[in-house]
Every structure is written in C-alpha cells, then in structure tokens.
Amino acid sequence: MPKLPSPAASFGGIGRAVRVSVASAAGFYPAAYLLDRPVLALYALFTPIAFGVLSPLPGSGSRRAGTVLRAAPAAAALIASGTVMAVTTWTAALGMLVVALSLTFGAACAPRLAGVIPGLQLCYILACFPPYAPATLPERLGGLALGAAVLCLGEVLLFPSPRRPSYAVRVADALDLAARTARVLLRAETVDSERARLLRTTGRELRFSRQPHGGRPTGAGRTDRALAHAGSAARRLLDQLATLGELPAAPADTASRNLLHGVAATCEETAGILRGDRPAGGAELIEEMTARFLDERGEPPEGGRARPYALLRRQSTLLTVAVSTVTVRTAAHLAAGAGRAVPGLPREQFWYARPSTARLWLVRIRGNLTPRSVVFQNAVRTALGLALARLVAGSLDLSHGFWVLLSVLTLARTTAVGTWSAVRSAAAGTLAGAVLAGALIIGAGDATEVYAGLLVPTMVVAFSVGPAGGPAWAQGLFTLVVSTAFAQIAPVTWRLAEARLVDVLTGSAIGLVCALLAWPAGARTELRRSVATLFRAAAPVVRETADAVAGRGAVPRGDRSKRPTTGPLWPALHHLRIAEAAYAQFRTEPAPRADDDGPDWLAALNYGSRVLTGAYWLPPARGVPGLPPEARRWVDTVARQVADAGLRAADLPPGGVDVRLAPLPAATSSDTTPGASSLLVDLEVWLHALASGPRHRHRSGPRGRRGRPGTRTTVVCRCTGRSGRLIARH
C-alpha cells in the first residue's frame, strides 16, 4: 500500500465525507430495515456516493444542492433508459456507448456540469446490469429521489462550505488594482518594482489553472464567453500597466494624462458592473477618450519639432492599456446581459455577442468535432472503454459486474502512463481491501447488526482518506464499504470480496487497453501539434495586419467591423482555442520527468492571443496616412521577419529560431505626419512584443539616428525530441 495521506489532507475532506455518509445512511437504513426494499436501499445508498464522492461538486453548500437538483431529472432518465436497455448485453453496451459519448463530449459545452457527469454515468451503469427487471423502475427512481433529497439537505445543513468569490469578483478585484495603478501613474509616471510585481502576480491569479474547476467560465454560452474574455483582457491590462510603469519618464503629455484618467474611471466602473453594484453599460466613454487621444496624437506638436521616441513609445504602450480597458468593459457589458450590440468595435473580437445561445453551442460542438480535439479524444476513449467493459462483464456473467465499469470510470486517465500508475495502485489497494473484507465477512457471518454498525464509520474513513490518498486507498476502502453494504441486503460469503477483486482487475485491464490504443500520449503530443498549427495560422495574420498599417487593403472610413484580416483571423482563432483546450488538459497530466527548463506552452498561447489582439485593433479605422517608401519597406521587412520566425518556430527546431528585427528608420519621423509616425511605433511595439520574451538575447546592432540600438531577438523553440518551446511574451 502507498504511504498513508497526511492528516491535513485526510481531514480536509471530512466535512464532505460526513455529509455523504449521513445522506447514504439516511436513505439506506429505512429502505433496507423498515421497508425491506433492497432495490430502493441500493439506489438510496449510491446516489449520494455518485454525486458527493464520484462527482465532487465545487461551490458552497447551497450551490452544490442546486446542482444535484438540476441533475436529478437527467439521472432519472438515465436510470429509466438503463433499465430498458438491460434486456440484452449488446443493447446495454450500445446504450453505454451512446450515453458515455454524449455526456463526456457534452462537458465541452457546459463545463460547470462536467462535475456531475461521472455521477450521471453511474446512474446508467447501475440500471443497465442484470437482472432485467422493468417492474423495479419505480423503486429505482424512488431510491434516486430519496438519496438526492437527503444529500441536498446534508449539503445545506451539515458543515456548509463558505462561499468563495466568483470569477467575476476576482476580475473586479484585479480591475480595482488597475484603477489604483493608473492613478499612481498620473502622479509619478512610473511604478516601483513591488507594484509591478503585484500587477503581474494578480494577472497570473486570473488564469483558469488557478481557479476551482466549477468556477471557471468555460461554457459555450454568451455569459461564460464574455467573462472569460474579460478575464483575459484584465490579465493583459495588468501586464501592460506594469510595462507602462517601468518605461522611463517622458515629457509631460496632456493627452496621455486625460486617457489615464479615463482608464482609471472605466476600471472602477467595470469592477462595479462585475460585482453587480452598477448598471451595465457599454464602453462608449473610454472609446471616445481613446479616439480623442488618437486625434491629439496625430496633430503636429507645438513648436513643429518631432515628438521624442521615448514619448511615442510611452503613448503606444498607453494605447494598448486603453484598448484592453475597452475590451474588458465591453466584455463585462455582455456578461451582465445588458445587450448584444458592440457598435464600432472589431466584430471578430466580440463575435459571440450577437449569435443565439443555440448557435454558440453549435459552434463549440462543431469546433471540437475533430480528432485533433482533446475533448473529442477523451469522449471517444471513455465511451469505448465503458462500452467494452459492459460487454465483457455481461458476456462473462461477472457477479456484481457494474464494479467493472466503475473501475474503468474511476481509474482511466488521459495518458497510458497515468492509467498504468492508477491501475497498479488500485490493484494493490483492492487486494488489501478484499483481504480485510473477506476476514470481516468470515468473522461476522450473518450478523447484520455488525455490518450496520460499521457502515457509516467505514464510509466516513473511506470518503475522507480515499480521495486524499489516491487510487490505492480509495479502492481498498471502497471495497470495505460495498462489502458492509451488500452484506445487509442479501446473504454474502467471503467470495463477495473475491468478486470485487476480479471485477476491479478486469476493469483495470480494460481501461489500460483503451489507454494504450486510444491516444496514449494524452495532450502532450496534441499540444505540440496544435501549437505548431497555431504558429502557422498566425503568420498570415501578422503579414496582413502589417499590410493594413502600411495602407494596403485599408479599412473603409467609419467601418471598423470590416477588417482586412477577416480571412486568416478565423482559422487562427480556431487553432488558438484547440491549443488552449490541449494545454488545459496537459496541465492535469503527470509530467514524465521534472524539467524546470521545459516547454513554456503558455507563452506560445500568449503569442497567438497577442497576434489576434493586434489584428483586431492595430489597423486604423479612419484611413491610413501616407507613408514614405522607406517606411513601407521597413513594415514589409519586419512583418516578414516576425511571420517567417513564427513559421520556423512551428517546426520546433532544437536550436531555436533567431530573428534580427530591423530598427525603425530614424528618418521616418521627419518624412511622415505625426499620426503616421505614431502608428509606426505602435506597429514596432507590437512586432517586438511578438518576437521577444523573458529569455530574449539583445546583441548590439547598428544604432539608428535616434540613438536606439538594433535588436537581435531570439524566438526560442528548444526541442528535446518530445516537446518544443516558443518564448514569447505580451
């Protein structure tokens, strides 16, 4: 047996263990002893286990109770269908295939319900096994209703969990920090290292990997999409404010100060919207202030002298802050359900604003109907494993064969290595549990009062220690639970423990076979492939965005919704979503080896996000001012360098990818209008952000007439034969 889990880890879940144990006993004992209804007792026992242990629901007690109540009708439908499909082994296996595939794939559209899917699958598993007894359906449904009712009461009354802040509140807190930082910049123009670190740390805390599973807004509906969009924009806003505060101070600039005031006020108002303290509104004010800032920036400076480069760069960075502020305000407006209109804003960025909920679900489903989607892979793997397990258990006529499927359901992992590790531990734990259960049955014999007295304490220990201790402790202790429970329903011998061991080993073998045959590498290989595809899809977006800035394919006056990058935008966005899903699963899988210098996949995803953000906002909406030939050549050269570097990085070369970005010609400031000069600096800031990162190398190059060195930036893509690394930063 593995090492016993620490007391802190075990007792951390004791409240949940007590709730589930009390709920199971409250339904099981009256049904078994007062009503003498073993079927009713069985379902009343397993319903709290299904939705309290097998499906550990997040959130407060009232929220968990609400989730169970919403899942109860679906559970009843699955019990009814399982009861009907149990007529033959083949029909039951076919039903298991359809149910598992539908439920697992459906989790991609409603991730908040993903937690109850194992419990729903257990409902079908219990009902689809012999005996084929449609007449017992009322008792089965009654047991479900009884178990769900007492579990809901236990969630509300016993050890209620404190309410945790929602994701919207977390974003609101981040925006409050952004507002305070903007006001600090108004006074001092720079921020100290401590505040810059706080900004970036707070932004990292908004990542979905830092949120509880049930609190992540990853659903297909408009509200979840808008909340996720607001969180992403808030993260980017905090990072940009830190970058702005670290830039050297520039000459006083009234336009920048006015825009910073608008950023601070908008962040405060948006935080109130996300908390529900303010009525939702659009981003018209900050949009108008940004437009005014662009107009003032395009006017000739006083005295006729060109603006210094330090001021232009600071203004460009502030513009990225304003753009992120507009984005987060608009996303909060959509999340609050105040309307679907986003006039004047990039249509592709807020594409989810107008479609109906059904259409958004269809987009999510269609986007994952590809063998390259880890959602699709997991659904197929799980469905085939459970269907095969039902077929084998029925064909071999295994006693208590539903334990075979339960083993597949609880032990299967997304990688063959992870499944093998779980199977080994589970086999050892089940063997130890079977020995103890056999000794208990031999010693107690037919004394049901012994089993009745041991059931609740055994469940409390199993449901608190098991989840913390891993598969070995979970399977071993659960073997004791089912043995003490079934000993009260029907006469048993020590062979019950033997049947449990055989069923778990059979299910483990089936799960291992499926893990070996169906995408055994899990998300690791898929993440590598999807990131490479993302780089290739982003290259044309970079080139076309630069073309729009240079005046080729310009946006019609006053029509910001028609972007010149509409063509390659959608493929890039689709591949970004696929890569993000692969990364989310990758983070849940055990790494084959510890490697602190391993692939930085999150940086690659940030690269794709930064490319799309620039494509949405960088091309001007009011026509492109004329650029001299030298400036156009620079735009072509630098855009080609960044795009080609991304294409080469997609191949994940072992030595990485080096790109030497040409410096912005110094003569452009005198040969172009102030607006065109500022736009070129905007493009320069964006392209350098795409090509540089936390591990870039700066090498001295020819210095421009402005005194800025040419920069040799390395887009690192280190490859160790199994994984790659793109170093990119926004």
Side-chain angles (χ1 to χ4, degrees), residues 163-186 190-218 223-246 259-278 280-283 285-286 290 317-336 338 349-350 580 584 602-603 605-606 609-610 613 617 689 729-730:
R163 185 180 296 274
R164 295 183 178 180
S166 65
Y167 189 74
V169 173
R170 294 176 187 271
V171 175
D173 293 340
L175 291 177
D176 285 337
L177 175 61
R180 293 193 299 270
T181 302
R183 300 196 186 283
V184 170
L185 289 171
L186 283 169
T190 60
V191 298
D192 55 30
S193 59
E194 185 66 27
R195 180 171 287 270
R197 189 182 308 111
L198 176 62
L199 288 167
R200 294 192 169 98
T201 301
T202 304
R204 286 194 295 270
E205 290 301 317
L206 292 179
R207 295 176 182 173
F208 284 176
S209 60
R210 307 290 180 92
Q211 312 302 319
H213 285 284
R216 301 172 183 175
T218 53
T223 300
D224 272 15
R225 290 183 187 270
L227 275 178
H229 198 176
S232 175
R235 285 176 50 200
R236 190 164 58 249
L237 172 63
L238 294 177
D239 185 73
Q240 290 162 343
L241 281 171
T243 301
L244 179 63
E246 292 170 340
L259 186 56
L260 263 178
H261 274 295
V263 167
T266 302
C267 287
E268 290 176 347
E269 293 174 3
T270 306
I273 292 173
L274 291 172
R275 292 192 180 95
D277 299 334
R278 292 175 179 264
L285 176 60
I286 187 63
T290 303
T317 305
L318 176 58
L319 183 60
T320 65
V321 171
V323 166
S324 296
T325 306
V326 173
T327 302
V328 72
R329 178 60 184 263
T330 305
H333 167 83
L334 295 172
Q349 188 179 27
F350 300 98
E580 287 174 339
L602 185 59
L605 299 180
N606 288 340
S609 177
R610 168 69 82 161
T613 301
W617 289 98
R729 178 185 179 187
H730 67 181

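These values consider heavy atoms only, across backbone and side chains, with no hydrogens, waters or symmetry-generated copies. Being a predicted model, the structure only gives us computed values, none of them experimental. When a residue number appears, it is its place in the shown sequence, counting from 1.
Smallest separation of non-hydrogen atoms from Leu274 and Ala332: CD2-CB, 3.8 Å. In terms of heavy atoms, Pro217 sits closest to Ala228 at O-CB, 3.5 Å. Between Ala335 and Ala226, the closest heavy-atom pair is N-CB, 3.5 Å. Minimum interatomic distance between Leu185 and Gly245 (heavy atoms only, all atoms of both residues): CD2-CA, 3.7 Å. Nearest heavy-atom pair, Val328 versus Ala230, reported as atom, atom and distance to 0.1 Å: CG2-O, 3.4 Å. The minimum heavy-atom distance between Gln240 and Ser324, with the atom names listed, is OE1-OG, 2.7 Å.
Taking CG from Leu244 and OG1 from Thr317, the interatomic distance works out to 6.0 Å, rounded to the nearest 0.5 Å. How far OG1 of Thr223 is from CG of Leu334: 9.0 Å, rounded to the nearest 0.5 Å. Within the model, atoms CG of Leu175 and CG of Leu206 stand 8.5 Å from one another, a figure rounded to the nearest 0.5 Å. Separating the CG atom in Leu241 from the OG1 atom in Thr320 is a distance of 8.5 Å, to the nearest 0.5 Å. Atom CD1 of Ile286 and atom CD of Glu269 lie 9.5 Å apart (nearest 0.5 Å). Atom NE2 of His333 is separated from atom CZ of Phe350 by 10.5 Å, given to the nearest 0.5 angstrom.
Residues Leu199 and Asp239 form no side-chain contact, since every pair of their non-hydrogen atoms from C-beta on lies 4.5 Å or further apart. Looking at Thr325 and Leu237, their side chains come closer than 4.5 Å, going by heavy atoms from C-beta outward. The shortest side-chain heavy-atom distance between Arg200 and Leu238 does not fall under the 4.5 Å cut-off. At least one side-chain heavy atom of Trp617 sits less than 4.5 Å from a side-chain heavy atom of Thr327. Residues Gln211 and Arg170 form a side-chain contact, since some pair of their non-hydrogen atoms from C-beta on lies under 4.5 Å apart. Here the side chains of Leu259 and Val321 are not in contact, with every heavy-atom distance at 4.5 Å or above. Side chains of Val171 and Leu227 form no contact here, defined as non-hydrogen atoms less than 4.5 Å apart. Side-chain contact check for Arg329 versus Cys267: every heavy-atom pair is 4.5 Å or farther apart.
When the options Val263, Thr290, Thr266, Leu285 are evaluated for a side-chain contact (heavy atoms from CB on, under 4.5 Å) with Val326, the one that passes is Thr290.
Taking a cutoff of 4.0 Å between a charged side-chain nitrogen and a carboxylate oxygen, Arg275 and Asp173 qualify as a salt bridge. No salt bridge links Arg195 with Glu246; every basic N to acidic carboxylate O contact stays at or beyond 4.0 Å.
Note on ring orientation: taking the six-membered ring where Trp is involved, the planes of Phe208 and Tyr167 are perpendicular (angle over 60°, cut-offs 30° and 60°).
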Show your working on side chain to side chain contact (heavy atoms under 4.5 Å, CB included) between Glu268 and Arg183 and close with a plain yes or no.
CA-CA 11 Å; Glu268 290 176 347; Arg183 300 196 186 283; 3.2 Å; yes
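Donor-acceptor pairing under 3.5 Å is lacking for the side chains of Arg610 and Thr613.
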